Protein chains: 2
Amino acid sequence: MDRPAFLLSALGLHVASDFTERLRPFGLEPIKFALLAHLKSDEGSTQQSLADALGVHRNAMVGLVDELEEQELVQRRPHPSDRRAKALYLTEPAHELVERGYRVADEQDADLLSVLEESERPQLISLLRRVAEARGVNPQAHLCMTQNSGPVKQPPTNRADEDSK
Amino acid sequence: MDRPAFLLSALGLHVASDFTERLRPFGLEPIKFALLAHLKSDEGSTQQSLADALGVHRNAMVGLVDELEEQELVQRRPHPSDRRAKALYLTEPAHELVERGYRVADEQDADLLSVLEESERPQLISLLRRVAEARGVNPQAHLCMTQNSGPVKQPPTNRADEDSK
DNA sequence: AAAACATTGTCACTTGACATGACAATCCAG
DNA sequence: CTGGATTGTCATGTCAAGTGACAATGTTTT
């Protein structure tokens, strides 16, 4: 079975599930890691804007933030300019946790590429990036790991509209 | 974000979801396509052996076969040598449907690789295959698309047990 | 300013997938 | 023949994800 789609799908599932396991010892799920990482580079943002950035529904953010707040990783503070919204902030432990999460990701990448020659690694990355770009793949939708955000938006097939079809 | 794990996960999700959509017009879900395809190359097998091959639970096969039987794509016949088991067979329409499913997969592969130069396509496939092989990725677990079959079994990291860790 | 409408965070509810456990029928080992 | 395993089936329980509604607040229109 040398079908690239097969390979990509199977590898993607493996990688996602593997990442989940690697994060588990830290009491962190991928989506929560993504949330914290986003927050770290954009503190004070609202639940809504974070939800948009992560591709999850506003309603789902409530439970997510509830749990992270209970773990003392984020704080809900009143938003300075909008009394409807909550401004989210990381605690100090959360900052460290995000760093560790990135290190986990680094390790996974290293393990993944360990079978390849040094020169092949950037090749693979480049090929993947080009395919992902061409297909309009959302670069962070993978952390949701749950449902997919609806049907795949079809990029115009790239080849000048295909022969017969 | 040039992390290969990120890219693979995101691309895998895209590809899986895309395949689901491409199959939808035929009234077929990926897991059912996999089931029919397996059956085509191994007619008369039991639900149990098919379940093992596809990585789904025996209980789940019941509903799957129920629906496929209702669509007149498979038949349950008494197993010749084991009166507990059912032997599964494809109907004629199902044979054609599997062919069409393979053609859909071919089209998806072509679309996926269409951004790459001719010479790069086998490169990507080869790199993916090697990584998948090294990580012990089950070549067809991707069609389940639902949950993952538990924690990823860790291949021995490939590099002579890593420095410090 | 008032009224109409949109947005934010929250909650209750429904839906559907998935795993678990039990069961009868049948097979197989001793 | 008896005890234990296997096959297909069903009835559950559990849990996540989506939907709709809501109060509070912000924004736009008149």
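Letters A, B, ... are given to chains in the order of the sequence lines, protein chains preceding strands, and every chain is numbered from 1. Note that the coordinates shown come from a computational prediction; the quantities given were computed from them, not determined experimentally.
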**Report entry** Contacts of R100(B) that satisfy salt bridge (charged side-chain N to carboxylate O under 4.0 Å, His left out) - sequence neighbours left out
**Finding:** none
Requested in this report: Answer yes or no: is there a donor N or O on one side and an acceptor on the other, between the side chain of S9(A) and the main chain of F6(A), under 3.5 Å?
Outcome: no
Report task. Begin from the C-alpha positions of V74(A) and T91(A) and carry the test side-chain contact (heavy atoms from CB on, under 4.5 Å) through to its verdict. Result -> CA-CA 6 Å; V74(A) 308; T91(A) 64; over 6 Å; no
Query - E96(A): salt bridge (charged side-chain N to carboxylate O under 4.0 Å, His left out) partners, not counting sequence neighbours - result: none
Query raised in the report: Is the number of heavy atoms from other residues, nucleotides or ligands under 6.0 Å of E133(B) CD greater than 12?
Result: no
Please write out the pairs of protein N or O atoms and N or O atoms of nucleotides 2-5 of chain D separated by less than 3.5 Å, giving the distance to one decimal.
none

**Report entry** Salt-bridge present (E21(B), R24(B); N to O < 4.0 Å)
**Finding:** yes
Query raised in the report: Can you name the nearest heavy-atom pair linking G44(B) to L39(B), along with the distance?
Result: N-CD2, 4.4 Å
Query raised in the report: How many Å lie between CG on L64(B) and P on dA19(C), as a whole number?
Result: 12 Å
Find every protein N or O atom lying less than 3.5 Å from an N or O atom of nucleotides 19-22 of chain D, and list the pairs.
from, atom 1, to, atom 2, distance (Å)
dT19(D), O4, N59(A), ND2, 3.2
dG20(D), O6, N59(A), ND2, 2.2

Query raised in the report: Is it true that D106(A) and R3(B) make a salt bridge, defined as a side-chain N closer than 4.0 Å to a carboxylate O?
Result: yes
Report task. Examine dT9(D): is either OP1 or OP2 under 4.0 Å from a nitrogen or oxygen in the side chain of Q47(B)? Give yes or no. Result -> yes
Query raised in the report: Is a donor on one side and an acceptor on the other found under 3.5 Å between the side chain of E120(B) and the backbone of L127(A)?
Result: no
Query - Atom-to-atom span, CG of D66(A) to C1' of dA12(C) - whole angstrom - result: 15 Å
Report summary line: M61(B) CE to dT9(D) P, in whole Å, measures 9 Å
Report summary line: When rounded to whole Å, the NZ to P distance for the pair K86(B) and dC27(C) reads 13 Å
**Report entry** Closest contact, heavy atoms only, Q48(B) versus R58(B)
**Finding:** OE1-CD, 3.0 Å
Report summary line: Hits for side chain to side chain contact (heavy atoms under 4.5 Å, CB included) against R83(B), two or more places apart or cross-chain, chain-then-number order -> none
Query raised in the report: To the nearest angstrom, how far is I31(B) atom CD1 from dA17(C) atom P?
Result: 14 Å
Query - DNA chain D contacts among residues 76-83 of chain A, heavy-atom distance under 4.0 Å - result: D82(A), R83(A)
Requested in this report: Provide, to the nearest angstrom, the distance between the CD atom belonging to E67(A) and the C1' atom belonging to dG9(C).
Outcome: 16 Å
Query raised in the report: dA6(C) P sits how many Å from Q48(A) CD, rounded?
Result: 15 Å
